[in-house]
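Below, chains carry the letters A, B, ... as their sequence lines are ordered, and counting in each starts from 1.
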Amino acid sequence: MDLIIRNGRIVDGTGLPAYQGDIGIRDGRIVSVGGRIPGTATEEIDAAGRVVAPGFIDPHTHFDVQLLWDGQARPALEHGITTVVPGNCSLSLAPLKVEHRPRLVGMFQQIEEMPDAAFDGAFEWTWESFADYLTALRSKLAVNVAPLAGHSVIRLWVMGDAANERAANADEIAGMQELLRQCLEAGAVGLSTSFVDVDERLQPVPSRYAHAEEIDALAAVLGEYGRMLQVVPEFYATDITLARVDQLAELSLKHQIPTTFSPLFDSAANPDNISRVMARVEEQMARGARVWPQVQTRPIDISFTFEVASLLFAGTPGWYRTMRLPRDEKIAALRDPERLARLLEEAEPGGNTDRFRKMRVRAVARREDDGLVGRSLGDIAAERDSTPARVMVDIALANDLDASFVATDLGHNDPARVGALLAHPMVHIGASDGGAHIQSFATYGDTGYLFSRFVRERHDLTLEAAVKKITADTARIWGIAGRGLLQPGFAADITVFDPDVIDRGDEVVAHDMPEAGMRYVRGSRGIYTVVVNGAVAWSAAAGGYTEARQGQVVTR
Amino acid sequence: MPAEPHDATPRIERALVAPGHDGSAELLLRIRYGDGSSDSVTLDAAAAERLLDQCGATALEQLVGQPWRRLLNVLEQSGD
Ligand SMILES: [Zn+2]
């Protein structure tokens, strides 16, 4: 055997109770599960006291670009994620004609906030077709990739500029069908489309110009392969989301395909959303349709700066008015002791600091303030014998307004409601958006947070149920064959972790994008070893990432 | 019994700040139509500012009851 993981607590992905045993691996596959394996292997890992689980699968990412220079999809891999699905939300890097590259870069920058450098020098564009994109990826991968083809780029290929202008005619629809067929033949696991996203000019992305017949025609091609349709619905409007659930259900039944929509999240601004959408999902699932809502584990953080008037201040008119002033007047207002005193009284009425105390400093321009990043305003206020709102103003002024702050837990943050939702058998845990929004917040560590918050702390799910949700369920929902379970014959994608420690780390600033571009990341806690196709790709004992590049493009 | 005068103009019924999925705050508006049906619209920070200006409002509560024509003007501007 190449690798034996001994004495672990095996949580095999089925949802059945954990049990003690060894796992044997040869040629990238699991050959033995449970029982004591005699003899020795080339490499052995002692997993006593730790959980041995299938590698986690992240079904909603935008790692498309990053994978070209970072086949480890950092930091996803160190969180135990062994398979990522890129190409969500109608955008993939292929199929793409040379002349359409600038258009796609603009769309990606809008959603991923990637600097130009990420596209200019960091990789070579060697492909137009989906098959050639996968070839460009293959040799670099440390994680497995189950790629979606994006509806917007398929549309761009076939219709050119008209993709952003109008509905398609019959010939164009036939052209898109043929192109999608080529993507699926090359290894795409499905098609993604969006009803809400915008490009860098804030215009609708091409997929939004499609009429229902076009989506139906593409779903028919998905039906030939039994592949997934992923959509971004109008998640902010329950009535429209319900109509999308119905539309997806009809497509699922007619073409016998799985469908998934993301995001679905809880918000105090729209408290009936979840119950209404889930009731409709249950109704459609009972008919035999496959309509999987993706729900994220992490609360939604909202960031803001003093440069623009964030709606976070709309509830405090004095602040909102001040934030809307021209830059110089704004600075003058904040420096004026009398006006500031009035603002502070509005922000912290009667000395109540609830509103700003838990907000954290996200980024600062001045090097000497670097130490403030990540700290709460309450914390800094205590240190400076000040108040959170005053400290926020001080930091903003000291940085010539070039400082940003984050209000944590503003949505999807009622643990009881989110916990119940995550445990729902018809909820697909996902929607991490890994690799996107990189300069706004960290999209990593949602799996660690699932275990720390909803398994360990709240008991909304058992350990076994949580593992199943992000391994076997994901593989089944997406039709990813031979992964997601610890079972002989299955790919040896394995995550070893401590169930008492596993968590997401703190959000920190990293300068690890091409040309030292910044992004927010989170490291992992409690993960010991991550095995991808039989090779140790990340190991706490070995100091982190290894040289292993055994990742595959996942095909049937 | 005399019939109540019927107001058929769609109006903003509720205005709330809600999280967008890209990490910024958005304004979630609920519109009530004359026939009793309703719909939701979200605006980003810039569009929300224009709407407040259009309505001469300084606080969100002042948006409630405003005719949706004002909102249409704002949405048309953001299409430029
Ligand atoms: Zn997305």
So what's closer than 4.5 Å to chain A heavy atoms on B:Leu28: side chain, backbone, both or neither?
side chain
A quick test of your reading: do over 12 heavy atoms of other residues, nucleotides or ligands sit less than 6.0 Å from CG of A:Asp161?
no
For a 4.5 angstrom cut-off between non-hydrogen side-chain atoms, does A:Arg324 reach B:Asp53?
yes
Enter the distance from B:Glu26:CD to A:Leu312:CG here, rounded to the nearest 0.5 Å.
11.5 Å
Between atom CG of A:Leu311 and atom CG of B:Leu16, what is the distance when rounded to the nearest 0.5 Å?
11.5 Å
Which residues pass the ring pair (Phe, Tyr, Trp, His ring centres under 6.0 Å) test with A:Tyr320, sequence neighbours left out?
none
